[in-house]
Amino acid sequence: MDAFQGFLKFILNQKTVIGYSFMALLTVGGERLFSLVAFKCPCGTENVIYGLAFLFAPAWVLLILGFFLNNRSWRLFTGCCVNPRKIFPRGHNRRFFSVLGQIILSSLVAPVMWLSVALLNGTFYECAMSGTQSPRLLDLICKGKPEECWKELYKVSCGKTSMTPTDNEELKLSLQAQSQILGWFLICSASFFSLLTTCYARCRSKVSYLQLSFWKTYAQKEKEQLENTFVDYAKKLSERNLKCFLENKRPDVFPMPTFAAWEAASELHSFHQNRQHYSTLHRVVEDGLDLHPEDEETTMMLMGTAQNVQLTHHH
C-alpha cells in the first residue's frame, strides 16, 4: 500500500510532464492520421495553398481551442464589457496585456507541437514548396538539378515528372530535409524561449523558492476544495428548492455569498509581501468584503495553474 501511495504521489507530482507527453502523443497521432487519410497533394497549381492549409490550419484551430479551454481567459474577460475597469484598472492599464501575453504563451504549446511534428514529417512542406512560383525559391530548390525541375516541380510529390526516378527521389528528399531542419529549428527556438521566460519570471519573483512551492500546493488544494464544495452546495441548494416547490412551502434561509463577494473572489490575484494572501479567495476571507473602489481596481494578478504559478508584481 505504501508503495502504491508513493507511486500515486509521484504521478500527481509529474502530471504536468505527463500531460505534455500525452499532448505530444496526440499531436503525433493526429498528424499521422492527417497525412495517411486526409492529405492528398493535388500536384498542381494548388500545391502551395493546399500544403500550407494542412500545415497551419490545425495549428490555428489548436490555438483557438487553447483559448477556449484556458480558464484564465474567461476569468480575465468575464464582465469586461460591462465594467472595463476589470481589465484596465486605474493606474495599471498594462496589466491586461501582461495577462493576455501569458494566456497566449500557454495556448501556443499545442500549435507549436503540431507545427514541429508536421515539419519533421515533411509531407505538408514538401507539397507546399513544390508548388512555388518564386524565382528565388526555385533557384534554391532546383540548383544543380535537371532543367525539368523548373517546369515540373509541382509534380514531384506525385512522382509524375519527366525526370529520372533517382532525380525525383533526390528532390523529394531535399524538400523533406528542408522541412526537418525548420522543424528542429522551431523545437530548439521554442525550448530556448520557454527557458528564458521561466528564468525571467523566477528572477523577477519576490517570493522565495520554498514559499513559491507552498503557494503552488495551496493553490492546488484550494482548487480541489473549491470544486468539491461547489458541487456540494449546489446539490444542497437544488434539493432545498425542489423540496420546497413540491411541498409548496417557503424555503429556509440558505447562506450564500453576496454579489460583491462573488465579484471580489473572481478577480485575478497578485502577491504582496506585506499582505501574504495566496489567492483572491484567501484575501477576500482575510480582509472581508468592505473593499474601497480603488482597492477593487488595483489588485490581483496570479496567472497560472496550480502546476505553473507565474508571479507578477506592481510597480
Side-chain angles (χ1 to χ4, degrees), residues 1-26 65-79 86 99 102-103 105-107 109-110 198 201-202 205-241 254-273 275-289 291 299-312:
M1 181 61 70
D2 291 340
F4 175 76
Q5 290 179 346
F7 176 74
L8 183 61
K9 184 177 181 180
F10 172 78
I11 294 296
L12 292 175
N13 289 337
Q14 301 298 322
K15 59 184 173 182
T16 301
V17 176
I18 294 173
Y20 282 131
S21 301
F22 182 68
M23 186 187 301
L25 289 175
L26 284 179
L65 285 176
F67 274 97
F68 268 109
L69 299 177
N70 194 326
N71 290 330
R72 293 173 293 171
S73 303
W74 307 119
R75 192 162 190 171
L76 177 65
F77 288 106
T78 298
K86 286 186 175 182
V99 175
Q102 295 173 25
I103 294 173
L105 287 177
S106 63
S107 301
V109 174
T198 302
R202 291 303 180 95
S205 173
K206 292 187 176 182
V207 180
S208 67
Y209 175 78
L210 287 178
Q211 191 171 16
L212 181 59
S213 298
F214 174 80
W215 189 356
K216 291 180 181 180
T217 303
Y218 173 84
Q220 175 64 32
K221 294 302 179 182
E222 184 187 85
K223 181 175 181 292
E224 294 173 359
Q225 294 281 348
L226 188 66
E227 293 173 351
N228 294 334
T229 306
F230 272 9
V231 172
D232 186 45
Y233 266 70
K235 180 181 178 181
K236 290 180 181 178
L237 181 59
S238 62
E239 287 177 348
R240 187 207 69 164
N241 293 339
F254 193 88
M256 289 285 288
T258 63
F259 179 81
W262 286 111
E263 285 287 298
S266 298
E267 293 172 335
L268 298 171
H269 175 66
S270 62
F271 188 84
H272 298 274
Q273 288 177 306
R275 301 169 64 197
Q276 297 192 33
H277 299 145
Y278 294 101
S279 70
T280 304
L281 186 64
H282 186 190
R283 177 190 58 77
V284 170
V285 171
E286 291 283 350
D287 294 350
L289 300 176
L291 296 174
T299 53
M300 311 161 249
M301 193 162 55
L302 167 60
M303 293 307 299
T305 62
Q307 295 81 29
N308 185 24
V309 178
Q310 298 184 13
L311 305 179
T312 57

Visitor: Can a cation-pi geometry be assigned to K221 and Y218, taking NZ or CZ under 6.0 Å from the six-membered ring centre and within 45° of the ring axis?
Guide: no

Visitor: When rounded to the nearest 0.5 angstrom, what distance separates CG in D232 from CD in E227?
Guide: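 Those atoms lie 14.0 Å apart.
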
Visitor: Can you tell me how far NZ of K236 sits from CG of N241, rounded to the nearest 0.5 angstrom?
Guide: 14.0 Å

Visitor: Where do V207 and L212 come nearest, in terms of heavy atoms and distance?
Guide: CG1-N, 3.6 Å

Visitor: How far does OH of Y278 sit from CD of Q211, to the nearest 0.5 angstrom?
Guide: 4.0 Å

Visitor: If only atom types and distance count, is the side chain of W74 paired as donor or acceptor with the main-chain N or O of F68 below 3.5 Å?
Guide: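 Judged by distance alone, yes, a pair lies under 3.5 Å.
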
Visitor: Nearest heavy-atom pair of F67 and S73: which atoms, and what distance?
Guide: O-OG, 3.2 Å

Visitor: Hey, what do you get for CG (N70) to OG (S106), rounding to the nearest 0.5 Å?
Guide: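 Answer for the CG-OG pair, N70 versus S106, is 4.5 Å.
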
Visitor: Kindly give the heavy-atom pair with the smallest separation between L281 and A265, and that separation in Å.
Guide: CD1-CB, 4.3 Å

Visitor: Other residues, nucleotides and ligands only: do more than 12 of their heavy atoms fall within 6.0 Å of CZ on F254?
Guide: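 Yes - once you tally the heavy atoms of other residues, nucleotides and ligands closer than 6.0 Å, there are more than 12.
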
Visitor: Which one of R240, E239, K235 satisfies the side chain to side chain contact (heavy atoms under 4.5 Å, CB included) criterion with L237?
Guide: R240

Visitor: Hey, does the side chain of S205 reach the backbone of A201 with a donor-acceptor pair shorter than 3.5 angstrom?
Guide: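 Flag not set: sc S205 to bb A201 has no pair under 3.5 Å.
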
Visitor: Going from CZ on R72 to OG on S107, what distance comes out if it is rounded to the nearest 0.5 angstrom?
Guide: 7.5 Å

Visitor: Starting at CG of N71, measure out to NZ of K223 and round the result to the nearest 0.5 Å.
Guide: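 Between N71 CG and K223 NZ, I get 7.0 Å after rounding to 0.5 Å.
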
Visitor: T280 vs R283, test: side chain to side chain contact (heavy atoms under 4.5 Å, CB included). Steps then yes/no.
Guide: CA-CA 5 Å; T280 304; R283 177 190 58 77; 3.5 Å; yes

Visitor: Return the set of residues passing side-chain contact (heavy atoms from CB on, under 4.5 Å) with F259 (not counting sequence neighbours), or none when no residue passes.
Guide: E263

Visitor: Are the side chains of Q225 and E222 in touch, meaning some heavy atoms are under 4.5 Å apart?
Guide: no

Visitor: Does L226 offer a backbone N or O that forms a donor-acceptor pair with the side chain of T229 under 3.5 Å?
Guide: no

